[in-house]
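This report refers to the structure that appears directly beneath it.
Because only heavy atoms are used, hydrogens play no part in the values below, and waters and symmetry mates are left out as well, while side chains stay in.
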Amino acid sequence: MGNLIKVLGKDLENCPHFFLDFENAQPTEAETAVWNQVNSVLEEAQGVLAELQSYRGAGQEIRQAIQNPLDLHLQEEAWRAVCPLVAKLKRFYEFSLRLENALHSLLEALTSPPFAPTQHLEREQALAKQFAEILHFTLSFDELKMTNPAIQNDFSYYRRTVSRNRLNNFQVDAESDVNNEMANRMSLFYADATPMLKTLSNATTKFVSENKSLPIEDTTDCLSTMACVCRVMLETPGYRSRFTSNETLLFCMRVMVGVIILYDHVHPVGAFAKTSKIDMKGCIKVLKDQPSTSTEGLLNALRYTTRHLNDDTTSKQIRALLQ
C-alpha cells in the first residue's frame with residue numbers, strides 16, 4: 001500500500017493532451033480479441049438499462065398480501081407478481097459478473113508492458129472507448145437503482161416468503177427460482193447504494209492484488225489518465241468542436257466523473273487529496289461551466305458516492321466547490 005501512495009506525487013501538469021475518439025474508434029488487429037469479448041457484454045448493456053428503467057415493482061400486490069395474511073389468493077397473486085421481477089433482478093446481478101470479467105480483460109490490455117497507460121489509451125482507442133462505455137453504464141445503472149426502492153422491497157418480500165416455506169404452496173417459474181447462495185449474493189449486491197460501482201471497484205482492487213508483477217501505478221495511472229484526458233477534451237475548444245453531438249459531450253462528462261469515483265474507491269488516499277494525480281478542481285470547474293441541467297446529477301455523484309471527499313486530506317477549496 002505504501003507503494004500505491006508514493007505514486008501520487010506526480011505533477012498534474014504532465015496530463016496528456018490527445019483526442020480520445022469516443023464516436024468513431026475502431027479496433028485494430030491487436031485489439032480485436034479483447035474488443036470482441038468485451039463487446040459481447042456491452043451489447044447487452046442497453047437492454048439491461050431499458051429493463052431497469054421500466055422496472056415498476058410489485059408494491060401494490062405485496063401491500064395487499066401483507067394486509068391480508070390469511071387470504072391465500074392475495075398471497076398467491078403477490079408471489080406471482082414478484083417471481084418474474086426476481087428473475088429480472090437475478091439477470092441484472094449475473095450481468096454484473098460478466099461486466100466484472102470484461103473490466104478485468106480491459107485492465108489487462110490497457111496496463112500491459114511495455115507501454116505506459118497513456119500510450120495504451122492513445123494507441124488502443126477502441127478499448128479505451130469500451131472502458132468508457134462500462135463507466136457510463138455503471139453510472140446510469142446505479143442512478144436508476146438508487147431512485148427505485150421497489151427493487152429492494154420486492155427482493156426482501158421474496159426472501160421472507162421463501163423463508164416462511166410458502167414456496168411449496170405456489171407454482172414457481174423455474175427462471176425465478178433463486179437458491180439460498182444466489183439469494184445471499186444478490187442481497188449483498190442490491191443492499192449497496194451503488195452496486196455496479198462496487199462491482200467495478202472490487203474488480204479493480206482484485207486485478208491489482210492478482211497482478212503483483214505489474215506495477216501498481218500502471219492501474220491507478222490508467223484511471224487518472226482517463227479522467228485527465230476527458231477533462232482536457234472538455235475544456236479545449238479544438239477538441240470539443242470535434243464532437244459531432246451533444247450526447248458525446250455528456251458521455252465524456254459522465255465518463256470523467258465515473259472514473260474519478262472509481263479511482264476514489266480503489267485508491268487508499270483517493271481522488272481528493274493534494275497528492276492525487278487527478279486535478280479535481282479542474283474537473284469540477286469543467287462540470288460547473290456546463291448548463292446545470294446536464295451536470296447537477298454528476299456533481300451529486302461526486303458529492304454522495306465518492307469515498308474520500310470528507311477526509312481531512314481534502315482541501316477546503318474542493319469541498320466549497322461541491323457545496
Please report the closest heavy-atom contact between [X] and [Y], naming both atoms and the distance.
X	Y	value
E133	L42	OE1-CD1, 3.2 Å
V38	A102	CG2-O, 3.8 Å
T248	F243	CG2-CD2, 3.6 Å
C222	L121	O-CD1, 4.0 Å
M233	R240	O-CG, 3.1 Å
T111	L107	OG1-O, 2.5 Å

Just how far is it from atom [atom1] of [X] to atom [atom2] of [Y], taken to the nearest 0.5 Å?
X	Y	atom1	atom2	answer
L135	L197	CG	CG	9.0 Å
N202	T205	CG	OG1	6.0 Å
D279	R231	CG	CZ	4.5 Å
L234	M256	CG	CE	5.5 Å
L298	I284	CG	CD1	12.0 Å
T194	K198	OG1	NZ	8.0 Å

Backbone N/O of [Y] and side chain of [X]: donor-acceptor pair under 3.5 Å:
X	Y	value
K277	C228	no
E61	E76	no
N148	L144	no
E100	T199	no
E31	A126	yes
Q37	A33	no
T236	G238	no
Q130	W35	yes

With [X] via salt bridge (charged side-chain N to carboxylate O under 4.0 Å, His left out) - residues at least two apart:
X	value
E247	none
E29	none
E143	R254

So, do [X] and [Y] sit near enough that their side-chain heavy atoms are less than 4.5 Å apart?
X	Y	value
L322	F272	yes
I278	C283	yes
T313	H308	no
V208	V266	no
M280	S315	no
D142	P195	yes
N36	T32	yes
L287	D289	no

For [X], look at atom [atom1] and say whether over 12 heavy atoms of other residues, nucleotides or ligands are found less than 6.0 Å away.
X	atom1	answer
E235	CD	yes
Q46	CD	no
K288	NZ	yes
E210	CD	yes

Indicate, with yes or no, if [Y] and [X] share a hydrophobic cluster defined by side-chain heavy-atom contacts under 4.5 Å among Ile, Leu, Val, Met, Phe, Trp and Tyr.
X	Y	answer
L74	L85	no
L309	M146	no
L89	L97	yes
M182	L188	no
L106	F115	no

Determine, step by step, whether F92 and E51 satisfy the side-chain contact (heavy atoms from CB on, under 4.5 Å) criterion, reporting the C-alpha distance in whole Å, the side-chain angles of both residues, the deciding distance to 0.1 Å, and the verdict.
-> CA-CA 9 Å; F92 297 164; E51 278 196 89; 3.7 Å; yes
In terms of the angle between their ring planes, are F137 and F95 parallel, tilted or perpendicular, with boundaries placed at 30° and 60°?
->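 Because their plane-to-plane angle is over 60°, the rings of F137 and F95 count as perpendicular.
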H267 and Y263 aromatic ring geometry - parallel, tilted or perpendicular at 30°/60° bounds |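 Answer is parallel, since the angle falls under 30°.
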Would you check, one step at a time, whether the test side-chain contact (heavy atoms from CB on, under 4.5 Å) holds for R123 with T28?
-> CA-CA 9 Å; R123 290 165 55 96; T28 61; over 6 Å; no
Just list the side-chain donor-acceptor pairs under 3.5 Å for residues 149-157, sequence neighbours left out, or say none.
residue	atom	partner	partner atom	Å
Q152	NE2	Y190	O	3.3
N153	ND2	P149	O	3.3
D154	OD1	A58	N	3.2
D154	OD2	Y55	OH	2.7
D154	OD2	A58	N	3.4
S156	OG	Q152	O	2.8

Apply the side-chain contact (heavy atoms from CB on, under 4.5 Å) test between L262 and each candidate in T138, L139, L200; give the one that qualifies.
->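 Result for side-chain contact (heavy atoms from CB on, under 4.5 Å) with L262: L200.
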Is there any ring pair (Phe, Tyr, Trp, His ring centres under 6.0 Å) pair reaching into residues 195-218, and which pairs are they, with sequence neighbours excluded?
->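 Counting only pairs at least two positions apart or across chains, the ring pair (Phe, Tyr, Trp, His ring centres under 6.0 Å) contacts touching residues 195-218 are H104-F207.
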Flag for Q290-T295: side-chain donor and acceptor within less than 3.5 Å =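 Checked: T295/Q290 side chains show no N/O donor-acceptor pair below 3.5 Å.
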With sequence neighbours left out, what residues match F251 under ring-ring contact (aromatic ring centres under 6.0 Å, His included)?
->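 Expected list: F22, H136.
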What do the steps show when you test T314 against N310 for side-chain contact (heavy atoms from CB on, under 4.5 Å), and what is the final call?
-> CA-CA 7 Å; T314 301; N310 294 316; over 6 Å; no
So, R303 and E296, do they make that salt bridge, N to O below 4.0 Å?
->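 Judged by the 4.0 Å cut-off on N to carboxylate O distance, R303 and E296 do form a salt bridge.
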Is the closest basic N to carboxylate O distance between E94 and R98 below 4.0 Å?
->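 Salt bridge absent between E94 and R98.
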Verify side-chain contact (heavy atoms from CB on, under 4.5 Å) between V34 and E124, making sure each step is shown before the conclusion.
-> CA-CA 11 Å; V34 173; E124 293 145 34; over 6 Å; no
